[in-house]
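Note sheet for the following structure.
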Amino acid sequence: MHLKRILRLLPSVFLLAALTLQGQEDYKTGDDNKDVKLHASDTRYDVNRFKYNPIPRTPKNIILMIGDGMGVSQVFAGMTVNEGELFLENFKHIGFIKTQSSNNYVTDSAAAGTALACGIKTYNGAIGVNTNGRPRRNIREVAEKEGKSTGVVATSSITHATPASFVAHQTNRAMYEAIAADFLETDIDVFIGGGYKHFTDREDNRNLVNALEKKGYNVLRDMDYITKITHGKLAGLISPEHPPRYSEARGDMLPKATRTAIEILDDDEDGFFLMVEGSQIDWGGHQNNTVYIVEEMLDFDRAVGVALEFAAGNSETLIIVTADHETGGLGLNGGDISQGTVDGEFTTGGHTGVMVPVFAFGPGAERFTGIMENTDIARRIRRLMRN
Ligand code: MG
Ligand code: ZN
């Protein structure tokens, strides 16, 4: 076969492999309670207002926060249940991104994560590689090159598609062990999430936890210890695979991990880049489970509040909050803001192709408005970091 033709076929081969392996993702099935009405009494929280005086300058620190599967309906479901307010309302620069991947109107989290991390459109299933399977530099790596400290925080396994896109370069998102090994190839300062077993229980029998410790990482599995770390290198691997959902023992791990990561990264005079993912908003969408979506949405918003508190205090930090795609085709067919109740209905158990929101706060925020491509986020962050 002609070489060009083989190269053109490669992405479809990867895609087929990705689709086969994705069948093993068990978070995509669960209770169907889409007609449930929520009450806010146990989740309601107050939202602080943070002031930012726009000084035209480039940010020293950049925090990119991704709500996986977080469309406008997911945001507003959370806002409704929190009786009409979210930390997100502190953001005055707002836009939308188109989420289509190189080979599909409806993206998966790998292609979308790669678009947000590397600024390229690629095929569904790709982690940090282009349509030919070649590695492309992500913005965390750019930050590293610019002398900044870097970190990644997620409520999924740290090897899962979204966080992986900011660290690894693999042709298929299901290559968790190869993705875990890629962490050793970086200078990342902090990562907190699940996925311990991909570092220890491996086909190649390597023990990556030992290797991380040799590289100077504090490898910890308990949030009580993780939150005590204030400097140095930290690998927080809090569960064998995915951490549980918010209401099932995970609790406020995400806001806490966000605060810990900022505390550590803030030591660097050259600034830092941090990616924070609310991974499970997507899983609530896959399960057509409004309660799950709202819990995860509000947990993610509280992590946004932690980042805002830091950014408002120094006026040299840019926060960008966005999503990789929408999940579930969620519609809000009824609700009551004063009661904090909402009635969600779904059009699919998968992702949808709609635009998703972008919220920016801090120096450079004005560059993240209007209707953009998902690839523009990485491109504009890259430009700001190279200034
Ligand atoms: Mg994700
Ligand atoms: Zn998904």
Side-chain angles (χ1 to χ4, degrees), residues 15 18-19 21-30 64-71 73-74 97 99-101 104-118 122-128 138 140 152-168 170 172-176 179-180 191-195 198 239 241-246 250 253-254 257-258 274-289 292-293 296-297 299-300 303 321-330 346-354 356 374 377-378:
L15 175 68
L19 285 175
L21 288 157
Q22 266 176 48
Q24 299 168 7
E25 309 266 300
D26 57 357
Y27 57 76
K28 290 182 178 172
T29 54
L64 174 62
M65 308 188 73
I66 301 173
D68 197 313
M70 184 187 76
S73 292
Q74 283 77 1
I97 48 172
T99 64
Q100 282 60 46
S101 69
N104 209 309
Y105 182 76
V106 177
T107 190
D108 82 323
S109 290
T114 300
L116 292 168
C118 306
T122 190
Y123 60 92
N124 286 8
I127 300 291
N138 62 57
R140 195 201 53 75
V152 169
V153 170
T155 50
S156 62
S157 166
I158 205 70
T159 56
H160 206 239
T162 313
S165 299
F166 289 82
V167 174
Q170 296 295 337
N172 188 317
R173 59 181 288 167
M175 297 160 73
Y176 295 123
I179 290 166
F191 54 99
I192 307 171
H198 302 303
S239 46
E241 202 171 356
H242 299 306
R245 58 187 270 192
Y246 172 80
R250 192 183 82 238
M253 166 258 166
L254 187 63
T258 302
L274 171 65
M275 194 288 292
V276 175
E277 185 201 22
S279 316
Q280 301 193 25
I281 301 167
D282 174 66
W283 305 354
H286 282 295
Q287 293 186 17
N288 288 2
N289 183 330
Y292 194 172
I293 289 172
E296 296 294 334
M297 181 65 225
D299 176 57
F300 180 64
V321 183
T322 189
D324 51 355
H325 52 73
E326 195 275 346
T327 307
L330 174 62
F346 298 85
T347 63
T348 175
H351 301 171
T352 67
V354 293
V356 291
N374 53 4
I377 302 299

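Both counts, for ligands and for their atoms, begin at 1 and track the order of listing. The residues of the chain are indexed from 1 along the displayed sequence.
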remark   = Answer key: the N, O or S atom of H286 nearest to the Zn ion (ligand 2) is NE2

Minimum-distance atom from the Mg ion (ligand 1) among N, O or S atoms of D68 = OD2

ask   = For the Mg ion (ligand 1), which N, O or S atom of E277 is at the shortest distance?
value = OE2

task = Answer yes or no for D108: is there an N/O/S atom below the 2.8 Å cut-off from the Zn ion (ligand 2)?
result = no

Donor-acceptor contact below 3.5 Å, side chain [X] vs main chain [Y]:
{"X": "Q170", "Y": "R173", "result": "no"}
{"X": "D108", "Y": "A111", "result": "yes"}
{"X": "N124", "Y": "V106", "result": "yes"}

request  = Would you check if there is a donor-acceptor pair between the side chains of T107 and H351 at a distance under 3.5 Å?
outcome  = no

Reported OG1-to-CD distance for the pair T327 and Q280, which is rounded to 0.5 angstrom = 12.5 Å

message = Looking at the Mg ion (ligand 1), is there an N, O or S atom belonging to S156 that lies under 2.8 Å away from it?
response = no

